[in-house]
Number of protein chains: 2
Amino acid sequence: MRSVLNITKALADENRLRVLVALQPGELCVCQITEFLGLAMSTVSKHLSILSQAGLVEGRKQGRWMYYRLPEPGGGTEASEAITWVARSLSGNRQILEDGARLKALRRVTPNDLCRKRKTC
Amino acid sequence: MRSVLNITKALADENRLRVLVALQPGELCVCQITEFLGLAMSTVSKHLSILSQAGLVEGRKQGRWMYYRLPEPGGGTEASEAITWVARSLSGNRQILEDGARLKALRRVTPNDLCRKRKTC
DNA sequence: TTTATACTTCGCCAATCAACGAAATATAGG
DNA sequence: CCTATATTTCGTTGATTGGCGAAGTATAAA
């Protein structure tokens, strides 16, 4: 029950839903996610921690940067099935479509360049 | 986004998850659910309202009693798919198994008898 | 080795939410 | 019609949660 409740609670926030959908095309680093959501980095870190505890994202460190990605799809776990449900349920949503457009631009900038230009990091 | 968030927020409470699984075998009336959860009836009513707003349950009035049930399965809606996920994810859970045993006894008592014996109603 | 950097954790605050009892409501039963 | 009843709504309270800036941490870079 604990793990299912961790998942459902993790999904009960709009920003965290947006992150999950944003990670569909591939991993992002914390500074990109921070830029994407427009929140304080400490807040983003907390959100990612909640998602990670629920098994909805996985993190890896590369150099100075921390990347997060979705778990292996088709894993048959509750978490991966929940993510599939989220992605399908929000596929036509307007906010998510706008997010997608902005993300394309964001993915073209390296974390290094992003951090140089911004006080994000 | 609003409707998906309504669903995920509705699922982010243990008692509401238990109600959804309890309704799998068939509808229950408010007083049965109240007895089942062991909460105040006003609290149960509020929980059911949240579930109803999210499209996760449907209500019907019969005489003095208000019954709630799950929406038609296989409807392909986000709500019905979410319920499927919940039921599958919690199918082996201990609390839910214990719930199931208690529910069998509870379903054998009519709402009328339940209300007579108890201050539930 | 020291300094810089990306990220995490902590502490605080305001908003939201689950629980309860009381009041209100709709309607069944006498 | 009046009374009883099952349920819903309201108001209050304590707990939880999302947001922020500051402090702490791990480690890359100089």
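This one's a predicted model, so the numbers in the text were calculated from it and none came from an experiment. First the proteins, then the strands, lettered A, B, ... as listed; each starts at 1.
Every side-chain contact (heavy atoms from CB on, under 4.5 Å) that B:Pro71 has, sequence neighbours left out, goes to B:Glu58, B:Ile83. Annotation: salt bridge (charged side-chain N to carboxylate O under 4.0 Å, His left out) contacts of B:Arg60 (sequence neighbours excluded): B:Glu27. For B:Ser42, the side chain to side chain donor-acceptor pair (under 3.5 Å) test picks out no residue, with sequence neighbours left out. A search for side chain to side chain donor-acceptor pair (under 3.5 Å) contacts involving B:Arg16 returns B:His47, not counting sequence neighbours. Remark: A:Gln53 engages no residue in a side chain to side chain donor-acceptor pair (under 3.5 Å) (not counting sequence neighbours). For A:Thr84, there are no side chain to side chain donor-acceptor pair (under 3.5 Å) partners two or more places apart in sequence or in a different chain.
The stretch residues 11-24 of chain A touches DNA chain D through A:Asp13, A:Asn15, A:Arg16, each having a heavy atom under 4.0 angstrom from the strand.
Taking 4.0 angstrom as the limit, A:His47 places a side-chain polar atom (N or O) nearer than this to OP1 or OP2 of D:dG19.
Residues in residues 1-11 of chain B take part in no salt bridge (Lys or Arg N to Asp or Glu O under 4.0 Å) pair, two or more places apart or across chains. Applying the salt bridge (Lys or Arg N to Asp or Glu O under 4.0 Å) rule to pairs touching residues 70-97 of chain A yields A:Glu81-B:Arg88, A:Arg88-B:Glu81, A:Arg94-A:Glu98, sequence neighbours excluded.
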What pairs of nitrogen or oxygen atoms, one from the protein and one from nucleotides 8-15 of chain D, lie under 3.5 Å apart?
{"from": "D:dT8", "atom 1": "OP1", "to": "B:Tyr68", "atom 2": "OH", "distance (Å)": "2.7"}
{"from": "D:dT8", "atom 1": "OP2", "to": "B:Ser45", "atom 2": "OG", "distance (Å)": "2.7"}
{"from": "D:dT8", "atom 1": "O5'", "to": "B:Ser45", "atom 2": "OG", "distance (Å)": "3.3"}

Can you pull every protein N or O that's under 3.5 Å from an N or O on nucleotides 27-30 of chain D?
none

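Axis angle across the helix from C:dT1-D:dA30 to C:dG30-D:dC1, with five pairs used at each end and values rounded to 10°: 20°.
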